[in-house]
Amino acid sequence: MPELPEVETFKKYFDKTSLSQKINNVFIRDNRVLNVQEKIFKKTIRSNIFYSSLRHGKYLFVKLNSGFIVFHFGMSGDLKYFDDIKEEPKHSRILFEFENGNFLSYISQRMFGKVDLTNTIEDFIINKKNLGIDALKMNFEEFKKSLEKRTALAKSALMNQNIIAGIGNIYSDEILYQTRLHPKTKINEVNDSKLREIFETIKNVLKVGIEKKGILKTYPNDFIIPHRKKGELCPRCGGNIERLKIAQRHGFFCPNCQINHNKTSGD
DNA sequence: GGTCATGTTGACTA
DNA sequence: TTAGTCAACATGAC
């Protein structure tokens with residue numbers, strides 16, 4: 001599921017269920033999701049406690065006695081907390097057993113997600129992944145600065161985790177749709193007032209996403225998200241929604257509403 | 001069987 | 001250096 005709003009939803013769920021409990025044991029159901037040696041991971045986690053969590057982009061960091069565990073959810077990741085081992089979900093890849101007898105599963109159907117350890121959050125964000133600013137926490141100045149000198153297409157730029165962390169394929173479609181920006185607009189050709197509008201839209205779209213807990217089918221009908229399908233009509237103009245491929249992903253947009261919006265072409 | 005899917009990374013090219 | 005394209009990773013749904 002996970003772009004920023006989904007990961008934020010996981011964070012809230014994790015905080016509510018799994019913080020401050022001693023971890024009695026950890027079972028690695030499939031070590032392909034581990035980015036660290038299984039032995040080291042188990043040794044680190046056993047008898048440890050999840051003290052607090054912090055999200056940056058699509059990554060969730062959880063503070064341990066020393067250092068952090070890092071969850072990434074790929075395309076099909078999830079968390080589930082439960083009290084009976086018989087309820088262990090399908091595709092549970094790592095299972096934490098708490099002292100109170102309850103469990104937390106790190107789920108990853110397609111195993112694109114990864115679990116890692118890091119000494120500091122900065123080391124992971126900056127040195128290991130070179131992630132950009134968090135889309136939910138950034139201010140306008142940071143946003144503007146991060147895009148300066150970037151010549152990438154708007155959709156690519158929004159999805160580039162090294163520029164802004166947290167926005168993926170679905171939410172970039174929504175942001176471009178609401179700002180009536182063609183996905184192939186060059187980001188450095190967007191004027192200042194439009195840039196401000198994009199910034200405000202990012203904040204609002206992510207906020208709605210978090211409120212809706214990332215459950216896409218509950219999103220407002222005037223969003224493009226419920227209409228990201230072939231044959232759907234634009235809720236604004238009634239035109240046909242089209243699909244195009246950018247940055248290895250299929251995006252949806254309304255060719256009637258969304259235009260190249262840059263300094264040279266005027267509006 | 002073919003196509004598609006909310007992601008990331010490395011190789012290659014311009 | 002910056003960007004675009006492609007392939008690979010692995011699994012399930014339609």
Side-chain angles (χ1 to χ4, degrees), chain A residues 1-11 13 29-35 55-60 70-79 89-94 106-116 124-125 127-132 134-136 145-177 183-189 202 205-206 208-210 212-219 223-232 241-253:
Chain A
M1 291 214 331
E3 292 182 40
L4 189 153
E6 290 80 6
V7 179
E8 184 69 20
T9 303
F10 294 159
K11 171 177 159 51
Y13 180 79
R29 302 304 195 202
D30 195 317
N31 64 17
R32 286 176 294 177
V33 301
L34 278 183
N35 263 349
R55 185 196 50 72
H56 185 98
K58 303 172 187 173
Y59 292 86
L60 181 62
V70 189
F71 292 104
H72 184 264
F73 299 93
M75 297 255 274
S76 57
D78 205 350
L79 295 174
K90 205 174 177 183
H91 310 303
S92 165
R93 307 301 186 191
I94 296 180
Y106 167 84
I107 300 164
S108 186
Q109 184 212 106
R110 293 166 64 189
M111 289 195 282
F112 283 7
K114 288 284 178 288
V115 177
D116 207 346
F124 187 89
I125 289 178
N127 302 326
K128 190 158 185 184
K129 300 289 180 183
N130 188 29
L131 294 178
D134 181 79
L136 197 64
K145 199 175 168 206
S146 75
L147 292 175
E148 265 169 10
K149 295 173 191 163
R150 290 289 183 162
T151 58
L153 306 179
K155 184 168 170 65
S156 302
L158 288 175
M159 287 197 297
N160 186 337
Q161 302 303 301
N162 306 129
I163 302 176
I164 299 164
I167 299 167
N169 194 27
I170 286 184
Y171 290 92
S172 64
D173 276 0
E174 190 61 52
I175 292 155
L176 294 168
Y177 175 74
K184 287 196 170 174
T185 307
K186 289 195 176 132
I187 197 69
N188 61 331
E189 293 182 357
I202 289 173
V205 164
L206 295 177
V208 172
I210 292 166
K212 297 288 185 185
K213 300 186 166 68
I215 303 165
L216 300 177
K217 57 189 170 194
T218 68
Y219 284 34
F223 276 37
I224 197 176
I225 284 177
H227 306 282
R228 293 180 78 261
K229 263 176 281 179
K230 206 179 170 193
E232 286 280 324
I241 298 293
E242 285 186 13
R243 199 171 86 142
L244 85 175
K245 194 176 171 190
I246 294 184
Q248 298 90 258
R249 313 304 302 277
H250 287 293
F252 291 84
F253 77 114

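Chain letters run A, B, ... following the sequence lines, proteins first and then strands; every chain starts at 1.
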Heavy atoms only: give me the nearest A:Phe253-A:Pro183 pair and the separation to one decimal. CD1-CD, 3.7 Å
Quick one: A:Asn130 CG to B:dG10 C1', roughly how many Å, whole number? 15 Å
Name all residues meeting the ring-ring contact (aromatic ring centres under 6.0 Å, His included) criterion together with A:Tyr177; count only those two or more places apart in sequence or in a different chain, and write none if there are none. none
One should report the stems of DNA chain C, each a stretch of at least three consecutive Watson-Crick or G-U pairs at distances under 3.5 Å, as B:2-5 with C:11-14, B:7-14 with C:2-9
Atom-pair distance (OH on A:Tyr59; P on B:dG7), nearest Å: 11 Å
Any donor-acceptor pair under 3.5 Å from A:Asp30 side chain to A:Arg93 backbone: no
Counterpart residues, side-chain contact (heavy atoms from CB on, under 4.5 Å), relative to A:Thr151 (two or more places apart): A:Asn188
Output the rounded distance in Å from CG (A:Leu158) to C1' (B:dG7). 16 Å
Please classify the nucleic acid contact of A:Ser156 as base, sugar-phosphate, or nothing, using heavy-atom distances under 4.0 Å. sugar-phosphate
Quickly work out the A:Ile163 CD1 to B:dT8 C1' distance and round it to whole Å. 15 Å
Taking only residues two or more places apart in sequence or in another chain, which ones pass ring-ring contact (aromatic ring centres under 6.0 Å, His included) with A:Phe223? none
List the residues meeting side chain to side chain donor-acceptor pair (under 3.5 Å) with A:Lys184, not counting sequence neighbours, and say none if there are none. none
How many whole angstroms separate atom CD1 of A:Ile225 from atom C1' of B:dA5? 15 Å
Once ring-ring contact (aromatic ring centres under 6.0 Å, His included) is applied, do any residues pair with A:His72, and if so which ones, sequence neighbours excluded? A:Tyr59
Treat primed atoms plus P, OP1 and OP2 as sugar-phosphate and everything else as base, then score nucleotides 9-14 of chain C 5' to 3': B for base contact with protein heavy atoms under 4.0 Å, S for sugar-phosphate contact only, - for none. BBBS--
Whichever of A:Asn162 and A:Ile170 has the more 5' nearest nucleotide on DNA chain B, that residue is A:Ile170
Where along residues 243-250 of chain A does a heavy atom come under 4.0 Å from DNA chain B, residue by residue in number order? A:Arg243, A:Gln248, A:Arg249, A:His250
What's the CD-C1' distance between A:Glu3 and B:dT8, to the nearest Å? 13 Å
Name all residues meeting the salt bridge (charged side-chain N to carboxylate O under 4.0 Å, His left out) criterion together with A:Lys11; count only those two or more places apart in sequence or in a different chain, and write none if there are none. A:Asp15
Rounding to an integer number of Å, can you tell me how far A:Gln161 CD sits from B:dG10 C1'? 17 Å
Does any pair with a residue in residues 159-174 of chain A pass salt bridge (Lys or Arg N to Asp or Glu O under 4.0 Å), and if so which ones, sequence neighbours excluded? A:Lys155-A:Asp173, A:Asp173-A:Arg228
Hits for side chain to side chain donor-acceptor pair (under 3.5 Å) against A:Ser92, two or more places apart or cross-chain, chain-then-number order -> A:Glu88, A:Ser105
For A:Arg110, all residues meeting salt bridge (charged side-chain N to carboxylate O under 4.0 Å, His left out), sequence neighbours excluded: none
Just to be sure I understand the rule, does A:Lys58 reach a base, reach only the sugar-phosphate, or reach nothing, if contact means heavy atoms closer than 4.0 Å? sugar-phosphate
A:His56 NE2 to B:dT8 P, straight-line distance once rounded to whole Å: 12 Å
